[in-house]
Colleague: 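What follows is a single structure, and I will ask about it in a moment.
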Protein chains: 2
Amino acid sequence: MENTHDIARDIGARLRALRRMHKLSQRALAKKAGITNATISLIESGKMNPSVGALKRVLDGIPIGMSAFFSFEPEREEKVFFVAEELVQIGRGGVSFRQVGGNLFGKKLQILHECYAPGTGTGKVKLAHAGEEGGIVISGRLEVTVGDQRKLLGPGDAYLFDSTRPHSFRAVGERECVVVSACTPPTF
Amino acid sequence: MENTHDIARDIGARLRALRRMHKLSQRALAKKAGITNATISLIESGKMNPSVGALKRVLDGIPIGMSAFFSFEPEREEKVFFVAEELVQIGRGGVSFRQVGGNLFGKKLQILHECYAPGTGTGKVKLAHAGEEGGIVISGRLEVTVGDQRKLLGPGDAYLFDSTRPHSFRAVGERECVVVSACTPPTF
DNA sequence: TTTCCATGTTAAATATCCTCAACACTTTCC
DNA sequence: GGAAAGTGTTGAGGATATTTAACATGGAAA
């Protein structure tokens, strides 16, 4: 459980890194943002939780969008190849999600190797989140529901839609169902 | 110039739409988020600027990430399902690319069902373009070159990298190689 | 009808953010 | 050296977010 304090420190670290990356002093940024340098100091040192409005004004001064800010992370060496065993397991129950890349912080693309046991799925509650997602069925039969549309897909069939539409997945038939899917931006 | 009030109303509208999409009452969401329903009411009606910490906790209750929340926008109607025959053929030579969705104008995600005849590939010239791409090998063996790294991938193995790095693909061995890949943004 | 439970809104009190002003420190320039 | 202007940090107080506890409305069941 991530508490308010952790969030503040996370925000602070991101802001400090970004500000330095743009070669701005706290005062310079504060002036562009229309707030005081003290606020920026407090935010960066993780000593307070800025309001969304205040953060927005600061980010406008850099400039960077809210969405980009929250998917930002200081650079590191990138891992490119992943053998099958390295795909991290993030599913549970009858559904198994194997993700390419362990930490997608700062990434724009999430690719999953999904395996549904017969009759299992994402549950009754529909998912809905920002972004776009799609996939291709490799084997088995997958029932996909998007908004009020529903369709049964077999091997070679595919789907692609805006993730803000409520959606759910369920494997039907007696064989397990394998799907390769992609999301942008990552949602887990 | 966007002022604090506009931001508050924007946040409120997004949150209300998302909450209803997930069929949660203000109180139900408040309980999951660990805050009071009054706060959610005030946020949704645009009467205040929540702190980032408070917003984060609310979004955790939905759940949706910060980045996704700020890139969220209302839905539109479009084609979602594609049977195998509808995947448009855009490959040539020994390589066949079957794309999900015919016209990707305005889309952020491109998903391909790729099939390489033994020994074929994307050619000697390395590709390099904006975006990010990844994929999972379904069958056969694929040699992937990214920058000065090269690796031979088999079924279940995967790759994920920034597309600005020069890269190329080639099927090796005697069997054909099948891969499901994704790009954001689309590059064809 | 009456009661009950759920919804969203709001006033007053408390907790927190944000600013103003000052502080200590370093770098730059005479 | 000393002044001047830069850096980030902190205390006190006014401004604002958040809680507590109530209010008003609406639908469902008796």
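Heavy atoms only: backbone and side chains are in, while hydrogens, waters and symmetry mates are out. Chain naming here is simple, since letters A, B, ... match the order of the sequence lines and numbering starts at 1 in each.
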Colleague: Quickly, which of A/Ile136, A/Val137, A/Val172 forms a side chain to side chain contact (heavy atoms under 4.5 Å, CB included) with A/Leu153? Name it, please.
Modeller: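 For A/Leu153, the side chain to side chain contact (heavy atoms under 4.5 Å, CB included) test succeeds with only one of A/Ile136, A/Val137, A/Val172, which is A/Val137.
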Colleague: In whole angstrom, what separates B/Ile40's CD1 from D/dA17's C1'?
Modeller: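 Rounding to the nearest Å, CD1 of B/Ile40 and C1' of D/dA17 are 14 Å apart.
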Colleague: Rounded to whole angstroms, how far apart are CG on A/Leu15 and C1' on D/dG8?
Modeller: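 Distance, rounded to whole Å: 13 Å.
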Colleague: State whether A/Gln26 places a side-chain N or O below 4.0 Å from either non-bridging phosphate oxygen (OP1 or OP2) of D/dT7.
Modeller: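 Negative; the distance criterion is not met.
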Colleague: Does a side-chain N or O from A/Lys47 land closer than 4.0 Å to OP1 or OP2 of C/dT16, or not?
Modeller: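 So the side chain of A/Lys47 is outside the cut-off, no N or O lying under 4.0 Å from OP1 or OP2 of C/dT16.
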Colleague: Going by the angle between their ring planes, with limits at 30° and 60°, are B/Phe70 and A/Phe70 parallel, tilted or perpendicular?
Modeller: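 Because their plane-to-plane angle is under 30°, the rings of B/Phe70 and A/Phe70 count as parallel.
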Colleague: Does any part of the side chain of A/Leu29, heavy atoms only, come nearer than 4.5 Å to the side chain of A/Val58, both counted from C-beta?
Modeller: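 Yes, side chains in contact.
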Colleague: Taking CD1 from B/Ile35 and C1' from C/dT16, how many angstroms apart are they, rounded to a whole number?
Modeller: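 Distance, rounded to whole Å: 15 Å.
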Colleague: For a quick test of reading the model: is some side-chain N or O of A/Arg19 closer than 4.0 Å to OP1 or OP2 of D/dT7?
Modeller: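 Answer no for this pair, as no side-chain N or O of A/Arg19 is under 4.0 Å from OP1 or OP2.
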Colleague: Counting heavy atoms from C-beta on, name the nucleotide in D/dG8, D/dT18, D/dA22 closest to the side chain of A/Arg27.
Modeller: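 Looking only at heavy atoms from C-beta outward on A/Arg27, the closest nucleotide is D/dG8.
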Colleague: Is any side-chain N or O of B/Arg57 closer than 4.0 Å to OP1 or OP2 of D/dA17?
Modeller: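 No, outside the criterion.
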Colleague: Nearest whole Å is fine: how far is D/dG11 C1' from A/Leu42 CG?
Modeller: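 It is 11 Å, rounded to the nearest whole Å.
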Colleague: Without swapping roles, check the side chain of B/Asn49 against the backbone of A/Gly53 for a donor-acceptor pair under 3.5 Å.
Modeller: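 Confirmed, B/Asn49 side chain pairs with A/Gly53 backbone.
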Colleague: Measure from CG on B/Asn37 to P on D/dT19 and round the result to the nearest Å.
Modeller: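 Spelled out: CG on B/Asn37 to P on D/dT19 is 10 Å.
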Colleague: For B/Thr36 and D/dT19, is the shortest distance between a side-chain N/O and OP1 or OP2 below 4.0 Å?
Modeller: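 True: B/Thr36 side-chain N/O within range (under 4.0 Å) of D/dT19 OP1/OP2.
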Colleague: Kindly say if B/Ser41 contacts the phosphate of C/dG8, meaning a side-chain N or O under 4.0 Å from OP1 or OP2.
Modeller: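 Checking C/dG8 against B/Ser41, no side-chain N or O comes under 4.0 Å of OP1 or OP2.
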Colleague: Check every atom of D/dG8, C/dC17, D/dT18 against the side chain of A/Met48 and return the nucleotide holding the closest atom.
Modeller: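 In terms of side-chain proximity for A/Met48, the closest of D/dG8, C/dC17, D/dT18 is C/dC17.
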Colleague: Please work out if A/Thr39 contacts a base, only the sugar-phosphate, or nothing of the nucleic acid, heavy-atom cut-off 4.0 Å.
Modeller: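 Answer is base: heavy atoms of A/Thr39 come under 4.0 Å of a base.
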Colleague: Salt bridge between A/Asp6 and A/Arg9, side-chain N to carboxylate O under 4.0 Å?
Modeller: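 Yes.
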Colleague: Can you check the A/Ile7 CD1 to C/dT16 P distance for me, whole Å?
Modeller: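 Rounded to the whole Å, the gap is 14 Å.
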Colleague: Are B/Ser51 and D/dT18 close enough that a side-chain N or O sits under 4.0 Å from OP1 or OP2?
Modeller: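 Yes, such a contact exists.
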Colleague: Nearest-Å distance, NZ (B/Lys31) to P (D/dT20)?
Modeller: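 In whole Å, D/dT20 P lies 14 Å from B/Lys31 NZ.
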Colleague: 5'-most contact on DNA chain D: A/Ala38 or B/Asn49, nearest heavy atom basis?
Modeller: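 With A/Ala38 and B/Asn49 compared, the 5'-side residue is A/Ala38.
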Colleague: Please report the distance, rounded to the nearest Å, between CD in B/Glu44 and C1' in D/dA17.
Modeller: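 Spelled out: CD on B/Glu44 to C1' on D/dA17 is 16 Å.
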